[in-house]
Amino acid sequence: MRIITTGLCEKFTKTKHLCLNRLHTCVNHYNMSRTAGILIIGDEILKGQTQDTNSVYLSQSLHKLGVNVRKISVIGDNVDEIAVEVRKFSSDYDMVLTSGGIGPTHDDVTLEGVARACDVTIHPHPTLVELCEKYFGVKDLNSPQLKLAHVPETSQLHFGVDPVKKEKLKFPLIAVNNIYVFPGIPVLLQRLFTSLQHLFKTEDKFSTKEILVNCLETEIAEVLQNCVDEFKHAGLNIGSYPDWSNNYYKVRIVLESLNHEVVDAATQYLHMRLPSDRILLNYVLDPVSLNGGDINATNFQSMLWHKVKSSLEVLEETLRKYEPHEICVGFNGGKDCTALLHLYHAALCRAGIEINPTNFKALYIKDKYPFEEVEQFMESSVIRYKFHLTTMTGDMKQALEALKRDHPSIKAVVMGTRCSDPHSMDLSSFTMTDSDWPRFMRVNPLLHWTYHDVWKFMRKLYLPYCVLYDKGYTSLGSRDKTERNKKLLTTNIHGSSMYLPAYTLQDGDLERNGRL
Ligand SMILES: Cc1cc2nc3c(=O)[nH]c(=O)nc-3n(C[C@H](O)[C@H](O)[C@H](O)COP(=O)(O)O)c2cc1C
Ligand SMILES: Nc1ncnc2c1ncn2[C@@H]1O[C@H](COP(=O)(O)OP(=O)(O)OP(=O)(O)O)[C@@H](O)[C@H]1O
Ligand SMILES: [Co+2]
Ligand SMILES: [K+]
Ligand SMILES: [Mg+2]
């Protein structure tokens, strides 16, 4: 390997360093980027009374600007502790960003801490005094209003310009050496940061690639370690993040470097060594935003496409017969209504109906012992699809009576019932409820779908579904009356028993095996 030792890397003039030839990669390029430390200050955060969002905002924003955030620290409103931490951060990192503690009350001591860290005193800054006097109409230097004008002697004031309105902001960001003192109020902090990005911006940009794998972390740890070793001089950062809630992958591998060639090479390295059938290549992060555009002939085998088309026709007919606010989807987090919900959303989009909680409604009849996982999934579905969920409790008939009474505009319930469900053989696409039931039109677009059709549809489109279906459940009722399907019980390579996911069930007729 040829080693260039002459001169400085064109990108990094900070330190003289070696460049390894092949990838033109600098030893520890990654670690040589501009570094930052973030200090979150406030007793309320340590007590858990306020949730800190500023560190998330700052670290994301700095990362986008090519800054390597090395540490986030949370400390209380204590001058000594602030001074110690600021001093350490200031010498350890290229820049320090603090949040909080610059208000007018006794517990706002950040600027005092910063002054002490820099061995300077606090004084009233003429520009700030003038600003505060104008803003608050108070002239007394000892007033709380003018406390805001007392800053470390060597402070620099940075006046930002609103990137949209192009107006100069009223209050500046206070900086002492490499320490930037932000207010704790998130909107103020964000406004200041966006208006002063140039202070933090670097020449660098992180290049990032993701590999999603459907393996356990234990199964890929060795390959990842080999990759780390292989690229250890190339300035590569690899993260492995398990996701327990995703239905399609178990681990997200993130590769990152300031040199995109390193990321490309490492990605290729991993693609060659990870089990290829476990790597997700076309994962769709947000199937909902496709507005049903993914529901087309190319995505499905012809038999299933035929059924999908018929179901959409039933939904189109429903939308001709009823106003959107007269329709709701019977949604209990089960697999059939999850597929249905997506189809109905697509039908609304295709009909040019705006997606909002008035036009898109669902009904949940909650029984006494719901699975927590089901309810979590339902909550995330509400956010994902932006529908209004009406929740009714009690026995199903009573709940439907209450629905009639409390929501008289609802005339039709779209359901995920299939012919193979109990008592469902003779249903049609449009069947009124039985005479001894509260009267609603039951719309059944999925009647002719099989168990496997539902899974093929959902998994092809990467629709999220309730995690219980990945843990051996194949049909869901209440918690006290639902078990995993024994047909999915198997033994893993280490000899312990485990359940396979619902979509692997061979015989669809056995889907209700776990229903007691
Ligand atoms: C909106 C709605 C209308 C229903 N109408 C009837 C009905 O008319 N006759 C009936 O026997 N069951 C009716 N049911 C009950 C369902 O057929 C079924 O028993 C129930 O959804 C429980 O299904 P599961 O056993 O698969 O969980 C209705 C359910 C809902 C949500
Ligand atoms: N408690 C409920 N609240 C609202 N709708 C319901 C409820 N129970 C059933 N439904 C409607 O009836 C349909 C048929 O119920 P079923 O339990 O067979 O299907 P699922 O819950 O979608 O899936 P799974 O068969 O896996 O449980 C559902 O798809 C849904 O539209
Ligand atoms: Co170099
Ligand atoms: K990890
Ligand atoms: Mg169910």
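Computation of the quantities below employed the complete heavy-atom set of this structure, encompassing side-chain atoms and omitting hydrogens, waters and symmetry-equivalent molecules. Both ligands and their constituent atoms are indexed starting at 1 by order of listing.
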**Study point:** Protein non-hydrogen atom below 4.0 angstrom of atom 18 (C) of ligand 1 present
**Key:** no
Exercise for review: Please verify whether a non-hydrogen atom of His423 lies at under 4.0 Å from ligand 1.
Suggested key: no
Exercise for review: Check whether NZ of the Lys or CZ of the Arg Arg252 lies under 6.0 Å from the centre of the six-membered ring of Tyr249 and within 45 degrees of that ring's axis.
Suggested key: no
Review point. So is Leu400 close enough to ligand 1, meaning a heavy atom under 4.0 angstrom away?
Key: yes
Review point. How close does the nearest protein non-hydrogen atom get to atom 30 (C) of ligand 1, and which residue and atom is it?
Key: Met415 CE, 3.5 Å
Revision key, fill the gap. protein heavy-atom neighbour closest to atom 20 (C) of ligand 1 works out as Met396 SD, 3.6 Å
Point to revise | Protein heavy atom at shortest distance from atom 7 (C) of ligand 1 | key: Arg442 NH1, 3.4 Å
Exercise for review: Could you tell me whether Arg512 approaches ligand 1 through its side chain, its backbone, both or neither, with non-hydrogen atoms closer than 4.0 Å?
Suggested key: side chain
Check your understanding: Within a strict 4.5 Å, meaning less than it, do heavy atoms of the Arg418 and Asp336 side chains meet?
Key -> yes
Check your understanding: For atom 15 (O) of ligand 2, is the nearest protein heavy atom under 4.0 Å away?
Key -> no
Review point. Taking distance alone, with no angle check, do Lys335 and ligand 2 share an N/O pair under 3.5 Å?
Key: yes
Practice item. Run the numbers for me: atoms of ligand 1, each under 4.0 Å from some heavy atom of Arg515, listed by number. Key: 24 (P), 25 (O), 26 (O), 27 (O)
**Study point:** Residue part near ligand 2, for Leu340, under 4.0 Å between non-hydrogen atoms
**Key:** neither
Exercise for review: Determine whether any heavy atom of Met432 lies closer than 4.0 Å to an atom of ligand 1.
Suggested key: no
Practice item. For atom 8 (O) of ligand 1, find the nearest protein heavy atom and state the residue, atom name and distance (0.1 Å precision). Key: Asp434 N, 2.8 Å
Review point. When you look for heavy atoms under 4.0 Å from ligand 2, do you find them on the side chain of Met396, its backbone, both, or neither?
Key: side chain
Point to revise | Proximity of Thr433 to ligand 1 by residue part, where a heavy atom lies under 4.0 Å | key: both
Exercise for review: Pick whichever of Leu341, Ile365, Leu363, Thr390 has a heavy atom sitting closest to atom 1 (N) of ligand 2.
Suggested key: Ile365
Review point. Considering only the protein, which heavy-atom contact is closest to atom 28 (C) of ligand 1, and what is its distance?
Key: Trp437 CZ3, 3.7 Å
Check your understanding: At what distance is the nearest protein heavy atom to atom 31 (O) of ligand 2, and which residue and atom is it?
Key -> Gly330 O, 2.6 Å
Check your understanding: Counting heavy atoms only, which part of Asp336 comes closer than 4.0 Å to ligand 2: side chain, backbone, both or neither?
Key -> both
**Study point:** Heavy-atom side-chain contact between Leu343 and Leu312 under 4.5 Å
**Key:** yes
Check your understanding: Is the charged tip of Lys321 near the ring of Phe430: under 6.0 Å from the six-membered ring centre and within 45° of its axis?
Key -> yes
Check your understanding: What do we get for Asp367 next to ligand 2 when only non-hydrogen atoms under 4.0 Å count, side chain, backbone, both or neither?
Key -> neither
Point to revise | Under-4.0 Å heavy-atom contact between protein and atom 23 (O) of ligand 1 | key: no
Review point. Is any side-chain heavy atom of Thr417 closer than 4.5 Å to a side-chain heavy atom of His423?
Key: no
Point to revise | Residue pair Arg273, Glu230: steps toward the salt bridge (charged side-chain N to carboxylate O under 4.0 Å, His left out) verdict | key: CA-CA 13 Å; Arg273 286 162 183 84; Glu230 178 76 17; over 6 Å; no
Exercise for review: Indicate, as side chain, backbone, both or neither, the part of Tyr469 found under 4.0 angstrom from ligand 2 when only non-hydrogen atoms are considered.
Suggested key: side chain
Point to revise | Atoms named by residue and atom, protein N, O or S, within reach of the Mg ion (ligand 5) (under 2.8 Å) | key: Leu476 O
